[in-house]
Amino acid sequence: MGSVQKEWLVYFYEDGIRNKYSKYLFWLKPGFTHCGALQYDFNLKRWYHLQFTHAGIKLDVLTSTEANDIFSILYNFKILRCPIKDDWQFLRINSLTCVSFIMRLIGFWKWYIFTPYQLYCALLKAGYKPFWEERTNHDKRETDT
């Protein structure tokens with residue numbers, strides 16, 4: 001079974017959800033408490049939002065309005081373009097978090113990555129490109145003319 005999927009947009013943000021377990025997550029870097037993924041299906045012209053939560057795996061098919069709302073929220077956070085690659089591993093020790101879920105989704109694996117911020121830094125170091133970078137450069141060109 002193959003996949004036509006070529007790229008996910010992996011986002012990192014501060015989820016703001018507070019519950020009885022939040023006090024144990026004090027060591028997470030602000031702005032990097034959760035990660036998830038967005039993907040656009042060109043055939044159906046739909047966005048998919050995929051994330052791993054403590055309540056389970058959530059897959060949302062977004063309307064245009066919902067996609068715009070999510071991108072409006074994420075504009076202040078980090079998003080990376082993550083092409084799919086095969087990085088086969090027999091055993092993955094920490095497959096319990098949103099971070100390990102995203103690593104498996106995009107075919108990226110480092111055993112020592114546990115937090116969203118560590119994943120973000122590792123992806124940048126591996127050459128993954130920021131999503132907002134092109135938009136920022138494009139906006140600068142328009143204002144310079």
Legend entry - Cys35 SG to Met103 CE distance, which is reported to the nearest 0.5 Å: 8.5 Å
Legend entry - Note, Leu50 side chain near Gln39 side chain (heavy atom, < 4.5 Å): no
Legend entry - N/O donor-acceptor pair under 3.5 Å between Glu7 side chain and Pro83 backbone: no
Inset, instruction - Could you tell me which non-hydrogen atom of Thr63 sits nearest to which non-hydrogen atom of Arg46, and how far apart they are? - result: CA-NH1, 3.8 Å
Inset, instruction - Measure from NZ or CZ of Lys110 to the centre of the six-membered ring of Phe108, then state whether that distance is under 6.0 Å and the direction lies within 45° of the axis. - result: yes
Inset, instruction - Please check if the side chain of Asp60 supplies one atom and the backbone of Leu62 the other of a donor-acceptor pair under 3.5 Å. - result: no
Legend entry - Cys98 side chain reached by Thr53 side chain, heavy atoms, under 4.5 Å: no
Legend entry - Min side-chain heavy-atom separation Leu9-Trp47 under 4.5 Å: yes
Legend entry - Close side-chain approach of His34 and Gln51, heavy atoms under 4.5 Å: yes
Legend entry - Distance (rounded to the nearest 0.5 Å) between Leu38 CG and Tyr48 OH: 12.5 Å
Legend entry - Heavy-atom side-chain contact between Phe131 and Leu80 under 4.5 Å: no
Inset, instruction - Check whether Trp8 and Ile73 end up in the same hydrophobic cluster, where Ile, Leu, Val, Met, Phe, Trp and Tyr are linked by side-chain heavy atoms less than 4.5 Å apart. - result: no
Legend entry - Distance in Å, Ser64 OG paired with Lys45 NZ, rounded so as to fall on 0.5 Å steps: 11.0 Å
Legend entry - Qualifying residue for ring-ring contact (aromatic ring centres under 6.0 Å, His included) with Phe32, from Phe114, Tyr11, Tyr120, Phe77: Tyr120
Legend entry - Sub-6.0 Å ring centroid separation between Tyr40 and Phe42: yes
Inset, instruction - For Pro116 and Val99, work out which heavy atoms get closest and say how close. - result: N-CG2, 3.4 Å
Legend entry - Heavy-atom side-chain contact between Ile84 and Leu105 under 4.5 Å: no
Legend entry - Full working for side-chain contact (heavy atoms from CB on, under 4.5 Å) between Ile102 and Leu119: CA-CA 9 Å; Ile102 294 299; Leu119 177 58; 4.0 Å; yes
Inset, instruction - Taking the side chain as every heavy atom from C-beta outward, state whether Ile113 and Tyr117 have any atom pair closer than 4.5 Å. - result: no
Legend entry - CD-NZ distance between Gln118 and Lys125, expressed to the nearest 0.5 angstrom: 12.5 Å
Inset, instruction - Applying side-chain contact (heavy atoms from CB on, under 4.5 Å), run through Ile70 and His49 and close with a yes or a no. - result: CA-CA 9 Å; Ile70 286 178; His49 181 207; 3.9 Å; yes
Inset, instruction - Assess Lys78 against Phe12: is NZ or CZ under 6.0 Å from the centre of the six-membered ring, and within 45 degrees of the ring's axis? - result: no
Legend entry - Leu74 and Tyr13, any side-chain heavy atoms less than 4.5 Å apart: yes
Legend entry - Between CZ on residue Arg81 and CH2 on residue Trp132, distance to nearest 0.5 Å: 10.0 Å
